[in-house]
Amino acid sequence: MNKRIAVFHFSPLELYPPVMNFLDCLQEKLSENDLVWVYTTRPPASMELYIPKRKQVSIKRLAYYTVTLSAASRIVQYLRYYLNSFIQCLRFRPSKLFYYETISSFIPYLLKKLRGNQVELFIHYHEYMTPKEYGQMILNKTFHQLEKRIYNRAKWISHSNKYRMQLFLKDLGSPSLTNTHIFPNYPPAAWVSPAKDKIIQPVKLMYVGSMGSLEMLYIREIFEWIESNSGAVLLDIYSFKVAEEIKSFSAETSCNYIKWKGPIAYKNLPQIIKLYDTGLILYKGLSANTIYSASNKLFEYLVCGLDVWYPVELIGSHEYNSPEFWPKVLPLDFSRLGQYNLDELVERKAGYRRQVNYSCEDAASELINMIIS
């Protein structure tokens, strides 16, 4: 029997590589008559659109998404997304519903209430939101109250790591839910590359990701440390979104050892990552979501053979620490980078090479098997 699968992801797919990876994995398991419709929004014009590999997967870009829109314009885009996805679902009549994040939950909620056991429901959260954070956003607050009514009717509810899941269940007051799972953000298996046997100076660092503000990231600290090392460390930054205050700070600093490389398409990342020695994660622990995170960049850097340096306060990453076996994962105090010996940080001892095996294919296998069954 052919399956009709509806995937709801309000934010553009291109901003969330784990979603693109999931869709790639799902396509490999579809039978000839299965259909997948993905309801999302259009990304900024500068971003390359995600194109499915198989014709059974159709991407429906139902509205425009940008944080620069006025409040009134954003409301219009939300309404366009919910109305269009509802109308299209009535025509498509999916038997499986999979949504990401509370903001995408409204139409799956309606369909589940209307069609009951005729549809199966699957839910995943990229991020953890506290009750206070839910209360600050009217749509998320309203939709979260609705989705909680159908949690026990979902076949699958997942977070990206155990810490976020524990917080999620504690907030619900439902530690006994039996349909919860951990679905981590791993890159494709094809990204796996051998690590270099030795790192020599100048040490080549890279940072990939958005740069929202000076207060959210250890920008000042890493810039000052690199400048103080007088060419022993180089940093290249790949980012599609850079706050104006960070651009101004960078211009004022004018460090010759730091280069801005602009955005890069996700599919091209492994070829670029392999050119470097160490990948940086710079988020400060300013929220529970960040403190209990294990960034997808951590795994992307690792499988491409790079060491990873991340702020020590990110508790969700501690279980991946590897101070001797390389590629290393090192928690650093970014407010005191001068205390570290660079040679010790990048040392790769003979006989301490390790195999790193994190793949989205393995991570997604249980969920995909449930969806296509």
Side-chain angles (χ1 to χ4, degrees), residues 1-16 19-20 22-23 26-27 29-43 49-66 69 72-126 137-158 179 367-368 370-373:
M1 179 178 176
N2 67 307
K3 288 166 285 296
R4 291 173 175 257
I5 303 164
V7 179
F8 300 81
H9 193 282
F10 176 79
S11 298
L13 306 179
E14 292 74 12
L15 299 179
Y16 292 83
V19 185
M20 296 187 287
F22 168 78
L23 291 174
L26 177 62
Q27 290 173 79
K29 300 294 184 178
L30 296 176
S31 64
E32 185 176 349
N33 295 318
D34 293 337
L35 294 175
V36 180
W37 284 15
V38 182
Y39 303 101
T40 187
T41 51
R42 185 166 292 277
L49 292 179
Y50 170 78
I51 305 297
K53 298 177 181 179
R54 298 179 66 177
K55 62 182 180 180
Q56 294 130 293
V57 178
S58 180
I59 309 298
K60 312 294 183 181
R61 301 183 187 276
L62 306 178
Y64 291 90
Y65 171 86
T66 173
L69 290 175
S73 296
R74 285 200 300 272
I75 290 173
V76 170
Q77 298 308 318
Y78 284 126
L79 291 175
R80 285 184 60 183
Y81 177 81
Y82 299 128
L83 181 60
N84 287 335
S85 60
F86 184 65
I87 292 172
Q88 291 199 22
C89 270
L90 291 179
R91 179 164 60 93
F92 184 46
R93 293 187 65 80
S95 57
K96 316 272 185 171
L97 309 172
F98 179 30
Y99 75 79
Y100 287 84
E101 300 296 347
T102 298
I103 199 66
S104 306
S105 67
F106 184 50
I107 301 307
Y109 167 80
L110 290 180
L111 293 172
K112 185 64 177 174
K113 295 294 286 187
L114 289 171
R115 301 186 60 199
N117 292 333
Q118 296 179 63
V119 292
E120 294 179 348
L121 180 63
F122 303 82
I123 304 167
H124 178 70
Y125 295 97
H126 295 299
M137 305 169 66
I138 186 64
L139 279 183
N140 269 326
K141 178 181 179 181
T142 303
F143 293 166
H144 190 49
Q145 293 304 314
L146 294 175
E147 67 179 343
K148 286 193 289 186
R149 300 176 186 176
I150 55 173
Y151 277 159
N152 61 353
R153 299 173 62 191
K155 292 204 69 173
W156 172 287
I157 303 174
S158 56
N179 54 357
L367 173 57
I368 290 175
M370 290 179 69
I371 290 177
I372 66 175
S373 63

Visitor: Less than 6.0 angstrom separating the ring centers of Phe10 and Tyr78, yes or no?
Guide: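 Yes; Tyr78 has its ring centre under 6.0 Å from that of Phe10.
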
Visitor: Run the numbers on Leu49 and Ile59 for side chain to side chain contact (heavy atoms under 4.5 Å, CB included), then give the verdict.
Guide: CA-CA 10 Å; Leu49 292 179; Ile59 309 298; over 6 Å; no

Visitor: With distance as the sole criterion, is a donor-acceptor pair present between the side chains of Tyr81 and Gln77 under 3.5 Å?
Guide: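 The answer is no; no qualifying pair exists.
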
Visitor: Decide yes or no for Phe92 and Leu35: does some side-chain heavy atom of the first lie under 4.5 Å from some side-chain heavy atom of the second?
Guide: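 Yes; the side chains approach each other to less than 4.5 Å.
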
Visitor: Would a distance-only check, ignoring hydrogens and angles, find a side-chain to backbone donor-acceptor pair under 3.5 Å from Asn179 to Arg153?
Guide: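 The answer is no, because no donor-acceptor pair under 3.5 Å joins these two groups.
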
Visitor: Mind listing the closest non-hydrogen atom pair of Ser158 and His124 along with its distance?
Guide: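 Minimum heavy-atom separation between Ser158 and His124: OG-ND1, 2.6 Å.
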
Visitor: What closest approach, in Å, do Ser31 and Arg54 show between heavy atoms, and which atom pair accounts for it?
Guide: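 It is O-NH2, 4.3 Å.
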
Visitor: Could you check whether any side-chain heavy atom of Leu26 comes within less than 4.5 Å of a side-chain heavy atom of Val57, counting everything from C-beta outward?
Guide: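 They are not in side-chain contact.
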
Visitor: Just by modelled atom types, is the Lys3 backbone N or O under 3.5 Å from a matching donor or acceptor in the Asp34 side chain?
Guide: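 Side chain of Asp34 to backbone of Lys3, a donor-acceptor pair under 3.5 Å: yes, one is there.
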
Visitor: Within this structure, what is the CH2-CG distance for the pair Trp156 and Leu367, rounded to the nearest 0.5 Å?
Guide: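 The distance works out to 4.5 Å.
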
Visitor: At their closest point, which heavy atom of Lys96 faces which heavy atom of Ile371, and how far apart are they?
Guide: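 Looks like CE-O, 3.0 Å.
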
Visitor: Might you work through the side chain to side chain contact (heavy atoms under 4.5 Å, CB included) test for Arg91 and Trp37, ending with a clear yes or no?
Guide: CA-CA 11 Å; Arg91 179 164 60 93; Trp37 284 15; 3.8 Å; yes

Visitor: Would you compute the distance between atom CG of Leu139 and atom CD1 of Ile75 and round it to the nearest 0.5 angstrom?
Guide: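 If we round to the nearest 0.5 Å, Leu139:CG and Ile75:CD1 are 8.0 Å apart.
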
Visitor: Once you measure the plane-to-plane angle for Tyr109 and Phe106, does it fall in the parallel (<30°), tilted (30-60°) or perpendicular (>60°) bin?
Guide: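 The rings of Tyr109 and Phe106 lie parallel, inter-plane angle below 30°.
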
Visitor: Could you please spell out the steps behind the side chain to side chain contact (heavy atoms under 4.5 Å, CB included) verdict for Cys89 and Leu111?
Guide: CA-CA 8 Å; Cys89 270; Leu111 293 172; 3.7 Å; yes

Visitor: Measure the spacing between CD1 of Ile51 and CG of Leu23 and express it to the nearest 0.5 Å.
Guide: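 If we round to the nearest 0.5 Å, Ile51:CD1 and Leu23:CG are 12.0 Å apart.
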
Visitor: State, to 0.1 Å, how close Val119 and Pro94 come at their nearest heavy-atom pair, and which atoms those are.
Guide: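 For Val119 versus Pro94, the nearest heavy atoms are CG1-O, 3.1 Å.
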
Visitor: Determine whether Phe122 and Tyr100 make a side-chain contact, defined as any pair of heavy atoms from C-beta on separated by less than 4.5 Å.
Guide: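 Of all side-chain heavy-atom pairs linking Tyr100 with Phe122, none is under 4.5 Å.
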
Visitor: Output the distance between atom NZ (Lys29) and atom OG (Ser373), rounded to the nearest 0.5 Å.
Guide: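 Separation between the atoms: 13.0 Å.
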
Visitor: How about CZ on Arg93, more than 12 heavy atoms from neighbouring residues, nucleotides or ligands closer than 6.0 Å, or not?
Guide: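 It does not: Arg93 CZ has 12 such atoms or fewer within range.
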
Visitor: For Thr102, which of His144, Lys141, Gln145 qualifies under side chain to side chain contact (heavy atoms under 4.5 Å, CB included)?
Guide: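 With Thr102 as partner, side chain to side chain contact (heavy atoms under 4.5 Å, CB included) holds for just one option, His144.
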
Visitor: Please evaluate residues Gln88 and Leu62 with respect to the criterion side chain to side chain contact (heavy atoms under 4.5 Å, CB included), reporting the C-alpha separation (whole Å), side-chain torsions for both, the decisive distance (0.1 Å), and the verdict.
Guide: CA-CA 10 Å; Gln88 291 199 22; Leu62 306 178; 3.4 Å; yes

Visitor: For Lys60, is there any backbone N or O sitting under 3.5 Å from a side-chain donor or acceptor partner on Thr40?
Guide: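 Pair absent, no side-chain N/O of Thr40 close to backbone of Lys60.
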
Visitor: Does the ring centre of Phe143 sit less than 6.0 Å away from the ring centre of Tyr82?
Guide: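 Yes, the ring of Tyr82 comes within the 6.0 Å limit of the ring of Phe143, centre to centre.
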
Visitor: Rounded to the nearest 0.5 Å, what separates atom CD1 in Ile368 from atom CD1 in Ile372?
Guide: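 Here the rounded value is 7.5 Å.
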
Visitor: Between the side chain of Gln56 and the main-chain N/O of Glu32, is any donor-acceptor distance below 3.5 Å?
Guide: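 A pair under 3.5 Å: yes.
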
Visitor: Can you tell me how far apart NZ (Lys155) and CD (Glu120) are? Round to the nearest 0.5 Å.
Guide: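 So the gap between those two atoms works out to 4.0 Å.
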
Visitor: For this output row, return yes or no: ring centroids of His126 and His9 closer than 6.0 angstrom.
Guide: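 Close enough - the centres of the two rings lie under 6.0 Å apart.
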
Visitor: What do you reckon, are the aromatic ring centroids of Phe22 and Phe98 less than 6.0 Å apart?
Guide: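 Between Phe98 and Phe22, which both carry aromatic rings, the centre distance is below 6.0 Å.
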
Visitor: Donor-acceptor pair, Asn33 side chain versus Asn2 backbone, under 3.5 Å?
Guide: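 It does not hold such a pair.
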
Visitor: Using every non-hydrogen atom in the two residues, find where Ala6 and Tyr39 come nearest and quote the distance to one decimal.
Guide: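 Minimum heavy-atom separation between Ala6 and Tyr39: CB-CE1, 3.8 Å.
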
Visitor: How close do Pro108 and Leu97 get, heavy atom to heavy atom, and via which atoms?
Guide: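 Result for this residue pair: O-CD1, 3.8 Å.
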
Visitor: Should Glu14 and Arg61 count as an ion pair when the cut-off is N to O under 4.0 Å?
Guide: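 Looking at Arg61 together with Glu14, the answer is yes, because their closest N to O distance falls below 4.0 Å.
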
Visitor: Considering only heavy atoms from C-beta outward, does the side chain of Val38 approach that of Tyr50 to under 4.5 Å?
Guide: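 A side-chain contact is absent here, since even the closest heavy-atom pair is not under 4.5 Å.
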
Visitor: Looking at side-chain heavy atoms only, is the closest gap between Val76 and Leu79 below 4.5 Å?
Guide: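 Counting from C-beta outward, Val76 and Leu79 never come under 4.5 Å.
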
Visitor: Keeping Glu147 on the side-chain end and Ser105 on the backbone end, is there a donor-acceptor pair under 3.5 Å?
Guide: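 Not a single qualifying donor-acceptor pair exists.
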
